[in-house]
Amino acid sequence: MSTPTSMRKQKEPAAPKVPVSLTVAGLPEHDLENDGAYRAMHFKSLDLSSRRARTAEFEGCRFVDTALAGTEMHRAELTDVELDRCDLSNMRVRSSSAHRTVVSASRLTGAAWSECAFHDVVFDTCRADLAGFRFSSFRTVVFRDCTLLEANFQDADLRGARFERCDLTGAQFSNAKMAGARFAECTLAGIAGVTSLKGAIIRSSDAWGLVHSLAGAMGITIEDAS
């Protein structure tokens with residue numbers, strides 16, 4: 001007898017393979033630039049905010065306490081990368097990819113990662129309110145203990161995503177692909193595009209937060225007894 005999909009062991013994203021020995025990055029030598037290739041580097045406590053970089057490649061790198069606020073990247077590639085306690089607020093990242101990447105205890109408020117591909121990625125304890133992931137795809141990706149108030153997943157492919165203990169109040173899921181996406185111990189109040197959650201797997205304790213959104217989508221008015 002086959003095991004039901006909802007009971008199968010959930011696959012964890014593959015961990016980044018960051019080399020033990022890293023070159024310490026410094027400015028201006030290792031500043032972000034177009035077509036830049038950054039391999040086995042340690043970016044610590046650097047200000048890389050408001051940069052512009054196209055087709056930059058990061059492989060086997062670690063970012064700690066580094067500011068990338070307002071930085072714009074196009075066709076960037078992140079492979080085996082760790083970002084810890086970084087400021088990624090208001091970043092603009094487009095048509096880029098992240099593979100075997102962990103983003104932890106970082107700020108992504110207002111960041112926009114559109115048309116991006118995430119594979120084996122973990123967002124852990126991040127503040128990502130008003131963040132945008134429109135038209136992006138998620139394959140074996142976990143959002144864990146994250147604040148995602150009013151985050152935008154419109155037209156995203158979330159079939160390989162998992163949300164654990166996240167606050168998704170007011171998040172946007174219109175036209176997203178959700179079959180197989182998992183939500184556990186999450187706040188789902190006031191989400192938009194609720195009908196796109198067809199096929200998602202949601203804990204029974206979380207489902208109550210969807211009642212008003214579902215009712216509104218179906219034209220149902222819920223009133224308290226007088």
Side-chain angles (χ1 to χ4, degrees), residues 11-129 131-133 136-148 151 160-162 164:
K11 181 181 178 181
E12 287 296 315
K17 300 176 181 177
V18 179
V20 175
S21 179
L22 298 173
T23 299
V24 177
L27 298 177
E29 182 182 1
H30 301 113
D31 207 342
L32 302 186
E33 58 184 18
N34 292 338
D35 303 313
Y38 309 88
R39 293 182 173 84
M41 304 196 72
H42 187 190
F43 296 83
K44 181 174 174 59
S45 302
L46 296 182
D47 185 358
L48 298 173
S49 57
S50 301
R51 302 299 201 270
R52 305 291 182 271
R54 295 177 62 91
T55 61
E57 297 181 10
F58 302 87
E59 183 177 349
C61 293
R62 178 177 292 121
F63 293 78
V64 179
D65 291 317
T66 291
L68 289 154
T71 288
E72 297 183 9
M73 295 187 184
H74 184 219
R75 297 192 181 281
E77 294 183 10
L78 286 74
T79 305
D80 294 317
V81 172
E82 297 176 351
L83 297 105
D84 183 36
R85 305 189 305 277
C86 292
D87 184 359
L88 313 178
S89 58
N90 297 312
M91 281 191 75
R92 294 292 180 266
V93 184
R94 184 181 176 190
S95 302
S96 300
S97 64
H99 184 207
R100 292 193 301 271
T101 295
V102 172
V103 185
S104 58
S106 295
R107 183 186 178 201
L108 291 86
T109 299
W113 293 64
S114 58
E115 301 176 25
C116 293
F118 299 90
H119 183 195
D120 286 316
V121 176
V122 175
F123 293 91
D124 189 1
T125 324
C126 292
R127 183 175 184 85
D129 45 313
F133 299 94
S136 291
S137 63
F138 298 80
R139 180 180 173 189
T140 318
V141 175
V142 177
F143 289 88
R144 182 175 291 131
D145 297 306
C146 291
T147 300
L148 289 156
R162 191 164 83 242
E164 300 176 350

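Counting from 1, the numbers follow the sequence of the chain as shown.
Taking Asp129 as the reference, Arg127 meet the salt bridge (Lys or Arg N to Asp or Glu O under 4.0 Å) condition, with sequence neighbours excluded. Partners of Arg39 under the salt bridge (Lys or Arg N to Asp or Glu O under 4.0 Å) rule, at least two apart in sequence or in another chain, are Glu57, Glu59.
For the ring-ring contact (aromatic ring centres under 6.0 Å, His included) condition, the pairs that include at least one residue of residues 18-42, sequence neighbours left out, are Tyr38-Phe58.
Classification of Asp65 and Arg85 as a salt-bridged pair holds, one side-chain N sitting under 4.0 Å from a carboxylate O. At a threshold of 4.0 Å, the pair Asp80-Arg100 counts as salt-bridged, since one of the basic side-chain nitrogens sits closer than that to a carboxylate oxygen.
Put simply, the side chain of Thr101 never gets that close to the backbone of Val121: no donor and acceptor are under 3.5 Å apart. Distance alone, capped at 3.5 Å, places no donor-acceptor pair between the Thr140 side chain and the Asp120 backbone.
Between Phe133 and Phe138, the ring-plane angle classifies as perpendicular under the 30° and 60° cut-offs.
To the nearest 0.5 Å, atom CG of residue Asn34 and atom NE2 of residue His74 are 11.5 Å apart. Of the inter-residue distances, the one linking Ser136 atom OG with Trp113 atom CH2 reads 9.5 Å to the nearest 0.5 angstrom. To the nearest 0.5 Å, the span separating CD on Glu77 from OG on Ser97 amounts to 4.5 Å. Separation of atoms OG (Ser106) and CG (Asp87) is listed at 8.5 Å; rounding is to 0.5 Å.
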